[in-house]
Amino acid sequence: MRMSGWTLFFCVCGLLLSFALLIIDEKRRQHELLLMERMRNSMLYYDLYPMVLYARKHEIDRVRVERNRIVFYGVCPPVSMGEFILSQRGYRPLNARRTKALVMVLAEDIPLLRSNTHYRLQRYPVIRPNGQKDHGYQYVIRSYYKTALMYERRRVPLD
């Protein structure tokens with residue numbers, strides 16, 4: 001079977017385009033890893049880390065990350081386990097890239113959040129008092145997993 005000149009041209013263009021997209025994706029991933037490393041080594045994360053350690057040991061209902069605060073909510077009782085307000089700790093609000101980097105670092109340091117079967121990551125709009133639109137991120141527990149946790153809490157051992 002013989003290829004026409006145009007068919008060969010489009011095949012070569014498709015291969016070059018896919019190769020270029022692979023290179024761009026790898027550069028983006030390297031940039032994300034660099035931002036995550038910078039976030040992990042920052043004073044902000046150093047101050048937030050005790051809350052991360054606490055969250056690793058307890059059942060988490062959700063974790064909300066906005067540009068000016070980070071909030072951890074517990075499953076039982078369903079209240080805030082801790083709130084880290086950046087302005088009260090002397091930090092400026094995060095920009096969009098640093099917020100996303102913090103979300104990814106939290107997922108690495110709290111292993112349960114990485115589980116797609118137990119938690120899902122959502123992005124939600126936040127309207128500031130001045131009318132500016134922002135986005136926040138939250139890891140939310142899946143309902144069947146929360147039900148299983150609550151069931152285990154209510155079970156009484158028969159010894």
- Message: With a 4.5 Å cut-off on side-chain heavy-atom distances among I, L, V, M, F, W and Y, is there a chain of contacts connecting Val52 to Val140?
- Response: no
- Message: Can you tell me if Tyr46 has over 12 outside heavy atoms packed within less than 6.0 Å of its OH?
- Response: no
- Query: Judged by modelled atom types alone, do His118 and Arg142 share a side-chain donor-acceptor pair under 3.5 Å?
  - Reply: no
- Mind checking the CG-NZ spacing from Leu53 to Lys57? Nearest 0.5 Å is all I need. 6.0 Å
- Query: Does the distance from a Lys or Arg side-chain N to an Asp or Glu carboxylate O, for Lys100 and Glu32, drop under 4.0 Å?
  - Reply: no
- Co-members of Tyr124 in a cluster of I, L, V, M, F, W and Y side chains, linked at under 4.5 Å: Val126
- Any chance you could measure Leu106, atom CG, to Tyr45, atom OH, to the nearest 0.5 Å? 5.0 Å
- Note on the structure: For Leu21, the hydrophobic cluster (side chain heavy atoms closer than 4.5 Å, chained through members) also holds Leu17
- With sequence neighbours left out, what residues match Ser143 under side-chain hydrogen bond (donor to acceptor under 3.5 Å, both in side chains)? none
- Please say which of Arg69, Arg64, Gln88 ends up in a side-chain hydrogen bond (donor to acceptor under 3.5 Å, both in side chains) with Glu83. Arg69
- Item | Straight-line distance of Tyr137 OH to Met104 CE, nearest 0.5 Å | 9.0 Å
- Item | Exercise: identify the closest heavy-atom pair between Glu66 and Leu94 | O-CD1, 4.4 Å
- Does Arg92 CZ have over 12 foreign heavy atoms under 6.0 Å away? no
- Query: Can we say Arg56 and Asp109 salt-bridge, meaning some charged N sits less than 4.0 Å from an Asp/Glu carboxylate O?
  - Reply: no
- Report yes or no: do Asp47 and Tyr91 form a side-chain donor-acceptor pair below 3.5 Å? yes
- Item | Atom pair CZ (Arg28) and CD (Gln30), whose distance is rounded to the nearest 0.5 Å | 11.0 Å
- Within 6.0 angstrom of Arg114 CZ, more than 12 heavy atoms from elsewhere: yes
